[in-house]
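Okay, so here's the structure we're looking at.
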Amino acid sequence: MSTNSEVDQVVPASAPAPAGVDEHELMGVAMRPVVQTPRWWWPSVGVLSAIVVVGLVAWAVQLADGVGAAGYNNQAFWAIYEANLVAFIGVSYGGAVVSAILRLTNAAWRAPLTRIAEATALVTLPVGMLFIIPHLGSPQKVWELVWPPYWNLSSPILWDFFAVSTYLLATLVFFYLPLIPDLPLARRWLSTEATGRRADACRWLYRVLGGGWQGTPRQKKVLHLSIGLVAIMIIPLAVSVHSVLSFAFSSSSRAGYLETIFPVYFVVAALYSGVALVVLMVAAGRRLFHLEAYIHPRHFVRLGFLLVAFGAAYLYLSFTEYLIDGYSGTTDNASWVRQILVGRYWAPFWFYVVAAGVLPLLVMAIKRTRTKGGVITVSALVVVAMWVKRLVIVIPPATEPLLSSPATPGGNLAGTWGTYHFTWVAISITVAATAAIPLLLLVLFRFVPILPVTEMAELATETAPAEAVAAPAVTSAVLSPAPPGWGAATSLGRYGVAPVGTLPGTSSNGLSGPASEQRKWDR
Amino acid sequence: MKHLPRHYQAPTGHSLGAAMRALATWAMALAGLAIGTLGMGLGLAAPAGATPTATGSSSLTLTAHQLSGPRSRPGAVVLTARASGASTVGLQVTFSVKVKQFEYSPLLQVGTATTGASGVATVTYEPTWDGPQEFVASAQLPSGSQLGPATATVSARATTGFVGTVEASRPDGTIGRWVVVGLLTLVGAVWVTLIAVVVRVYLTMRAGAA
């Protein structure tokens with residue numbers, strides 16, 4: 001439901017129609033996190049940093065005491081770190097691929113979201129990669145993993161290294177290329193609007209990274225082709241990453257891991273949880289940096305549809321997996337499926353089914369709940385529930401006893417199920433990694449504009465003539481003054497406040513309304 | 001053998017030291033939520049780690065010997081537990097082997113078996129390493145008290161290698177080799193393409209600046 005105050009403040013006037021975006025003013029909004037330090041910034045960074053430090057202390061304790069400190073034991077040889085590795089790398093998938101898909105399909109409404117989505121991918125991927133270190137136990141094993149004389153080309157773990165490192169490079173390039181046109185603009189903006197050492201440092205950084213950009217037709221052509229190429233490449237790369245991650249399970253001989261469905265299963269899970277995290281990061285960025293004029297409730301609803309599409313696919317794949325394994329007629333498979341459905345692991349499994357399986361579908365199906373708040377709520381649930389689901393994938397097969405004895409003929413399982421014990425060490429490291437994501441994003445956006453200003457301007461300008469006829473102009477009166485702590489009020493200009501759903505004629509949920517009233521980046 | 005601090009043995013954190021407690025307070029709050037939700041940290045003691053107690057006139061003895069076989073392929077180790085005393089039939093005997101891989105639970109359960117009419121329960125175990133190996137057996141009497149532990153040591157030779165050290169077989173040697181070459185080439189091509197894209201954009205920018 002769109003209850004934004006902007007709706008009431010719109011001036012449906014006969015004022016001159018917008019002819020384009022004032023990039024300088026828009027850059028002022030995008031550079032707020034760079035030049036201004038709101039009151040919450042330092043406390044937030046301090047708390048998040050403290051959590052990360054506690055995680056490092058916990059890792060040091062594990063180094064001293066061994067992986068038993070993380071709750072690993074003979075009958076739980078894979079557990080929380082492997083689940084974290086899959087989950088964190090998975091969420092990075094969402095930012096990059098969603099941005100790539102929306103670019104390739106020319107979905108103009110993506111524009112205000114892409115920078116945050118790509119930044120989310122950029123920071124979550126290295127954090128996820130680091131989980132291989134506590135998972136392996138001794139750090140020197142990482143060296144043995146990556147140094148060519150030690151390569152074991154039959155090991156999926158080695159191919160994980162190839163795939164993830166390649167994906168990291170692609171994510172970095174995919175973040176950098178769309179940033180280039182904004183850098184000279186940001187540098188000019190800083191020259192006129194900001195002073196100080198940090199402004200000087202940012203100007204230097206922008207000159208180094210994008211100093212030669214002048215926006216000539218040839219430069220634009222080369223850049224657009226390059227972004228398109230990387231957008232195409234990053235999709236199969238991300239698919240390969242999660243396929244190879246799943247090979248570590250599916251190429252083993254253990255029941256519950258030996259699944260041919262796993263590569264697709266992992267890819268869809270990554271997309272699902274990744275879109276959910278993008279929703280959360282976009283919501284946080286919108287709220288903290290006051291981007292309400294650009295990121296509208298409609299964006300969340302559209303991301304919500306994307307979310308449930310992946311969620312429905314994942315639910316179907318889960319059903320398929322458990323159905324086939326449960327009725328396979330093999331004792332070991334039926335055993336772990338039973339433990340998941342009604343046995344010792346029923347609680348986390350059914351938590352996933354409710355929180356990430358059924359609830360998102362219901363929320364998006366019911367008009368009253370198909371709102372920004374609804375999408376954000378289910379996204380938070382999906383991120384948590386999909387992490388839990390990774391634990392359900394990793395732990396039950398690892399703890400299943402696979403021993404036979406004369407007393408249990410016919411392949412019946414002997415022995416007892418193992419138990420994974422959560423410890424403060426493992427949880428501290430997990431929470432530290434979680435805290436590292438917003439921390440890195442806060443730091444990253446101290447140095448780069450949070451909105452893709454040039455891209456938004458280009459997309460808006462492309463439709464300006466058509467809108468000049470039909471679209472009511474929106475004056476800067478729509479914009480409230482800059483919030484407390486953000487300094488002087490900033491006028492965003494006519495186009496700057498042209499997100500759809502804030503204009504007369506749009507529905508309460510922002511899903512309908514005259515197309516002529518929509519700016520292209522919201523289509 | 002070095003033992004882990006007690007607080008690793010349960011996820012509740014109740015026995016943390018003062019310094020550690022302060023450090024881990026925030027984590028425990030989240031852990032409580034996670035554990036309660038997940039139902040995974042059930043707080044169950046590792047079954048093989050419990051210390052059984054002998055009762056009454058019943059007793060349990062354990063013998064272990066490796067079946068003979070070719071030198072290249074020795075047989076499995078047969079573990080035979082014999083219960084004697086008042087109640088010897090239908091007891092479930094748990095067999096474990098002492099391991100050193102994880103210090104958290106030094107006893108790795110290798111199987112369970114039920115005693116027959118003669119009070120004997122047997123399991124077979126295929127050693128995965130050479131040398132002396134100590135086995136432990138224990139059982140629970142109908143009264144609820146525990147019988148054992150009984151121990152036995154045998155110097156055995158491995159019948160199977162540790163799976164993690166065996167290179168997986170490939171469907172076909174030639175195809176497998178070319179798959180590896182092809183995949184590595186593909187990875188290299190992606191790296192070259194990504195770097196070339198950035199270099200090209202950079203050169204275009206420099207040309208524009210000039």
Side-chain angles (χ1 to χ4, degrees), chain A residues 51 54 57 65-69 71-75 152-154 159 162 166 169-170 173 176-177 180 210-214 216 218-219 222-223 226 229-230 233 237 251 253 344-348 351 388 391 395 401 403-408 414-416 419-424 427-428 431, chain B residues 4-5 7-11 13 16 20 23-24 26-28 30-31 34-35 37-44 46-47 99 101-105 108-114 121-124 163 167-168 170 180 183-184 187 190-191 193-194 197-198 200-202 204-210:
Chain A
I51 294 173
V54 171
V57 171
D65 291 345
V67 290
Y72 284 46
N73 57 73
N74 288 329
Q75 289 181 279
N152 176 6
L153 291 166
S154 296
W159 291 97
F162 292 149
T166 306
L169 176 68
V173 172
Y176 170 59
L177 291 181
I180 288 175
W213 180 263
Q214 294 178 331
T216 65
R218 173 164 169 71
Q219 284 181 337
V222 169
L223 186 68
S226 301
L229 178 63
V230 178
M233 288 175 68
L237 271 177
S251 62
S253 57
R344 58 197 288 121
Y345 299 109
W346 71 270
F351 171 66
V388 170
L391 289 173
I395 294 176
L403 301 161
S404 61
S405 77
T408 55
T416 56
T419 299
Y420 174 70
H421 296 266
F422 288 94
T423 65
W424 74 269
I427 292 176
S428 298
V431 174
Chain B
L4 287 177
H7 62 264
Y8 295 141
Q9 298 174 14
L16 289 177
M20 288 300 177
L23 201 62
W26 60 271
M28 286 302 103
L30 291 173
I35 293 166
T37 303
L38 300 177
M40 288 183 176
L42 300 176
L44 300 176
V99 295
Q101 187 175 0
F102 295 103
E103 294 174 347
Y104 171 71
S105 178
L108 172 64
Q109 185 175 316
V110 299
T112 59
T114 306
T122 303
V123 299
T124 58
V163 176
E167 186 175 353
R170 295 168 185 163
V180 168
L183 288 174
L184 283 176
V187 171
V190 171
W191 276 78
T193 305
L194 289 171
V197 162
V198 174
R200 187 178 181 220
V201 170
Y202 180 75
T204 307
M205 283 197 300
R206 283 197 59 177

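Note that these values count all heavy atoms, side chains included, but never hydrogens, waters or copies made by symmetry. Every chain is numbered from 1 and lettered A, B, ... according to where its sequence line falls, protein lines coming before strand lines. Quick caveat: nothing in here was measured; it's all calculated off a predicted structure.
- Contact between M205(B) and Q219(A) at its shortest, heavy atoms only, is CA-NE2, 3.3 Å.
- Here the shortest heavy-atom pairing between V180(B) and W159(A) reads O-CH2, 4.0 Å.
- Of the candidates L194(B), V198(B), V201(B), S226(A) forms a side-chain contact (heavy atoms from CB on, under 4.5 Å) with just one, namely V201(B).
- With respect to chain B, the highest number of heavy-atom pairs below 4.5 Å among V173(A), T166(A), L237(A) belongs to T166(A).
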